[in-house]
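Notes to accompany the following structure.
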Amino acid sequence: MASSESDKVQERLIEDFTPRLREYIRVEPVLRYIDFIDNEQKELIMQKARTEGNLRAADLLISAVVKEPHPPGWFTVFVAALNQAGCKHAADYMQLNLPSPEVEAENDSRVRLVQLLSPSLVDMKTDQVCAHCVSEGLLTADDDENIRAEIATNGLRSGASELLRRIVRGQPSWYSTFLKILRETEHKHLYELTGDLYASGELPNSSEPSQLGGTDSPTLTLFKYFKYVGTLKKFVLILSLSEPLLCIADGSDLVAEAKSPEKADIVLRDYQMDVARPALEGKNIIICLPTGSGKTRVAVYITKKHLDGRRAEGKPGKVVVLVNKIPLVEQHYSSEFLPFLKHTYKVERVSGDSQLKISFAEIVAKNDIIICTAQILENYLERSNTGEDEGINLSDLTLIVIDECHHTQKGEVYNHIMMRYLKQKYKNIKLKKEQKKTVPLPQILGLTASPGVGKATKMKQAEEHILHICANLDASKIMTKSLGEFKKEPRKTIVNVEDRKEDPFGDVIKKIMLAIHAHAGLSPTCDLGSQNYEQWVGQNERKAAKDEDQKVRVCTVHLLLYNEGLNLSNTIRMSDALSFLKKEQEEEIKKKATPDGEHKIQITDTERFLFNLFKENKAELERLAKIPEFENDSLSKLRTTILHEFSSRDKARGIIFTRTRRSAIALSQWIQENPKFEDIEVKPAYVIGGGDQSNVKPMTAAEQKDVLKKFHSGDVNLLVATTVAEEGLDIPACNFVIRYGLSTNEIAMIQAQGRGRAEDSSYTVVDVKNSGVAEKECVNEYRENMMNKAIAKIKVLNQAEYDKRITDLQLQAIVEKKVRTERQKQKVIKKANPSDVKFSCRHCSKHVCTGDDIQIIESMHRVNVTSQFCELFIQRENPTFQERLLDYETNSFIACKQCGQTWGSMMVYRGIDCPCLDVKNFVVRIGEEKISKCNKWSELPVRFSTFDYTEHASQMAQSSDEEEME
């Protein structure tokens, strides 16, 4: 056979057995014995082994071996290198000394078994087991050296993991030898866990099922059962250290549920390793990769290497992972950080939903990695700053990971934290010059899919915006990378809609609105149903509240409801818009009745006019809502798009993004009720936000999690979501995304597109009347392009110029912060006397109380517990507004006894009823000045007294005693 033909045969042999070779090759020792690979290539392979693991390095080694042209005797050298490096099983395959299929399958099962049991096996006495494995020939001297280095660096458990990874690469006899070593080193529980069935070759008699019981341990019995049914490949096994024992479900399947199964070593793709590299060197960076490209996995890898490095140097390490939404805390904890790091480091999570029994400071002290909402860390940093007990300093941390870091801008909590960092950074520079001890600061790692361009309209402004974010995060670089073969670019379509030829339903709503204009003496200057009209009505509402013009104010409230109804009729079904109007009218009427019926609430002539106006037109609206020909074209286009996506794919999975919670719920219901969707197995569910800023009942984190779990499993294949699903939430790859009448900014567009990351995915924008989404989408594409060019320009700046611009921006931010703080101090000095502050009902202008009557609970809740105030309101149950925390719960509204206007909620604080006021429901007068637009208590320049629980509880007890004596 000619040399070239022989080479081809040997190349084919390596190619056929590559899956086996990559499992059994130990890259580092094999490389030493191969002389036809040049040193530069060897260094690349070794670097791959150090950064990405043995499997990736083995792929590179095999590619180098088969690369042409071949030197004489290359194959013989390769096989000899395998033997000399202790990879005899790999050498057997190359010499065609193949095990029988039965032996090969048996060995695969044994390897899988050890991998699955590794969470328990790592508790072995690693030193003793390693010594025995070397003497028995399971491990080479090189293996022994590497394992002991791992023990010295990361401890016995990590060394045990390395040992297990290496012994399974041996010849098939390794398993029985390993069992013998476990027995000899007195690891009875581990020996029993793996069992001696494979070593003995014994099988239970199929005619004697009772052999599955007996006196064996539960685990040993379990593995006898596995052997009885055939092979380990017939079951799914998930083990965790905390739950090592399993149970048989129905005699044929075994499923072990674990809270967070341990995952294999973290292996990064090339593009992920490239963006991580500066952070692995200890630098502050921003990683900018598309949604679904594995940013969080990169952060887990960097976290591990950071802590590993600190441990190797004998220094403590402490990592805090910051997120901006509560659901992301649990998601990052259970899906990413815990599975990969729990057996090496202590991982914990904390959020506003956590019912903590110990302080956050104590949690930080006791754990290595803490995942939390940013506000919690900021609160405890502030505690330390003000000298309170149990605060936290930045110097206590060694790495901060900031998720969705594009939010590190003015006013955002991320920026408050980073401003503390920057101030200390420049203090350290001064201390260093004075040769004084500096305060250590943590490394910073920012993650984002898109930094955006802010309000930029020109390239220079876009650069400035991105540099501001880099400066705020003290990033030495912004790291981006092409995803290459992993990039999934969805097909994009913009669907335009036609105006209705007839809109009698909308015409009736407009007729009602015009009648209200005439009654209130209002003359709008913009189109009904538009955003400008909504703003115009809002301005009139605030003016009327300030002027105590109850007639105009109540009219504006109803106009806003009809404007919303008009918009809904352009987005969802007319029947949904009508249901909304009916419900809102019922709620307004309910405000005029007390729960017990004892007290009569005043109804003004204007309110009677408004109630009758809807009543007179209700029947006509109901008739028109039943005529399909009058439905909006957007809904028709959406139906066509959904039908196309589900009928043209084997397994469709998608998301519809819509603007409001109400439209998300209504669209989900519309899809469920449509038989055409049922015929093609569309299974919808909605996901909305958890805040209480809307009249629609929010979704709890548990409810969101339940829907997303069903979406993962396939029980739901179409999500209808508000923007809550755009950013961060763990949503599996979709093959289509539809933005329905929703367009915000380029960041949201990029994140929504990133949800469609399956093969052959599509991204469709469906226009809705008055939404302008088609135009906005084009603008966002332009802004995305401008952002990418701006990032590219920033990346090519030489480091000195980049550093100078970052320094200038940081110093500017510090000065601006100082100026704002000084102004704030001046405001504090000028704070009004509480007795000069007067509150009146926003609806009927009735005087309610003064600032002297209001007290603060936990620096948050403004309450009025005076007996005089309690005479002014009624309570009304609101099941959608129930909140229960450790010290307080809320479950009802309080409303004006005279007009029914909602004032706030009844909060039960440690057993005491505390009426809690919402400032937006009042007109506030400070001296002679009236404030009609005040949405937050923090906007009022008033310092209220702190609620004294002890004093109030004592007064209640004394009052109770006096009543009993009477």
Side-chain angles (χ1 to χ4, degrees), residues 545 550 553-554 557 583-604 607 611 691-698 700 838-858 860-924 934-937 944 947-949 952-953 955-957 959-960 963:
Q550 189 178 357
R553 190 197 166 272
V554 71
V557 170
K583 185 178 177 184
E584 291 300 323
Q585 286 293 322
E586 287 168 8
E587 289 298 319
E588 289 298 316
I589 292 169
K590 269 185 191 176
K591 289 179 183 179
K592 300 302 174 182
T594 56
D596 53 16
E598 291 180 5
H599 181 77
K600 196 170 183 180
I601 296 175
Q602 145 192 341
I603 300 179
T604 65
E607 287 169 332
F611 294 150
D692 60 0
Q693 64 271 29
S694 165
N695 290 332
V696 180
K697 182 183 177 182
T700 65
K838 294 178 174 57
F839 297 85
S840 57
C841 176
R842 190 172 191 87
H843 187 75
C844 66
S845 305
K846 179 181 177 61
H847 172 73
V848 175
C849 63
T850 70
D852 282 335
D853 301 322
I854 294 176
Q855 297 175 299
I856 301 183
I857 293 177
E858 295 182 354
M860 219 177 351
H861 311 286
R862 273 69 176 182
V863 299
N864 186 339
V865 293
T866 62
S867 56
Q868 297 93 324
F869 178 69
C870 291
E871 295 296 320
L872 301 178
F873 66 81
I874 56 171
Q875 286 191 61
R876 187 178 290 123
E877 186 180 356
N878 180 12
T880 69
F881 187 68
Q882 296 190 352
E883 184 179 19
R884 287 178 174 80
L885 297 173
L886 282 178
D887 289 330
Y888 66 87
E889 63 180 64
T890 56
N891 52 26
S892 64
F893 283 137
I894 60 171
C896 177
K897 193 178 278 188
Q898 181 167 300
C899 70
Q901 167 71 38
T902 299
W903 283 350
S905 60
M906 180 59 77
M907 181 172 78
V908 182
Y909 177 67
R910 294 163 66 181
I912 297 177
D913 285 347
C914 297
C916 187
L917 280 63
D918 189 340
V919 71
K920 70 184 178 187
N921 297 316
F922 300 91
V923 173
V924 185
C934 187
N935 292 319
K936 297 178 182 177
W937 283 103
F944 300 108
F947 179 73
D948 191 328
Y949 176 82
H952 196 74
Q955 288 175 1
M956 287 182 64
S959 175
S960 177
E963 286 175 9

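Keep in mind that this is a model prediction, so the values were computed, not measured.
- In this structure, CE in Met907 is found 10.0 Å from CG in Asp913, a value given to the nearest 0.5 Å.
- For Ile856, the side-chain contact (heavy atoms from CB on, under 4.5 Å) partners two or more places apart in sequence, or in a different chain, are Arg862, Phe944.
- The aromatic rings of Phe839 and Trp937 sit tilted, their planes meeting at an angle between 30° and 60°.
- When all heavy atoms of Ile894 and Cys916 are compared, the pair lying nearest together is CD1-O, 4.1 Å.
- Qualifying side-chain hydrogen bond (donor to acceptor under 3.5 Å, both in side chains) partners for Gln855, counting only residues two or more places apart in sequence or in other chains: none.
- In terms of modelled atom types and a separation under 3.5 Å, the side chain of Lys591 and the main chain of Cys899 share no donor-acceptor contact.
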Applying salt bridge (Lys or Arg N to Asp or Glu O under 4.0 Å), run through Glu587 and Lys590 and close with a yes or a no. CA-CA 5 Å; Glu587 289 298 319; Lys590 269 185 191 176; 3.8 Å; yes
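- Rounding to the nearest 0.5 Å gives a distance of 7.5 Å between NZ of Lys897 and CG of Leu872.
- The CD atom of Glu871 lies 9.0 Å from the CZ atom of Phe873; values are rounded to the nearest 0.5 Å.
- Shortest non-hydrogen contact noted between Val863 and Cys914 is CG1-CB, 3.9 Å.
- A heavy-atom distance below 4.5 Å is found between the side chains of Glu858 and Tyr909.
- Interatomic distance, Asn864 CG to Trp903 CH2, rounded to the nearest 0.5 Å: 9.5 Å.
- Contact record, Val848 with Cys841: CG2-N, 3.7 Å, taken as the closest heavy-atom pair.
- Of the inter-residue distances, the one linking Asp853 atom CG with Phe869 atom CZ reads 9.0 Å to the nearest 0.5 angstrom.
- Every residue meeting the side-chain contact (heavy atoms from CB on, under 4.5 Å) condition with Ala545, not counting sequence neighbours, appears here in chain and number order: Glu541, Arg553, Arg842, Val923.
- Between the CE atom in Met906 and the OG atom in Ser892 there is a gap of 6.0 Å [rounded to 0.5 Å].
- Contact between Val919 and Cys934 at its shortest, heavy atoms only, is CG1-O, 3.5 Å.
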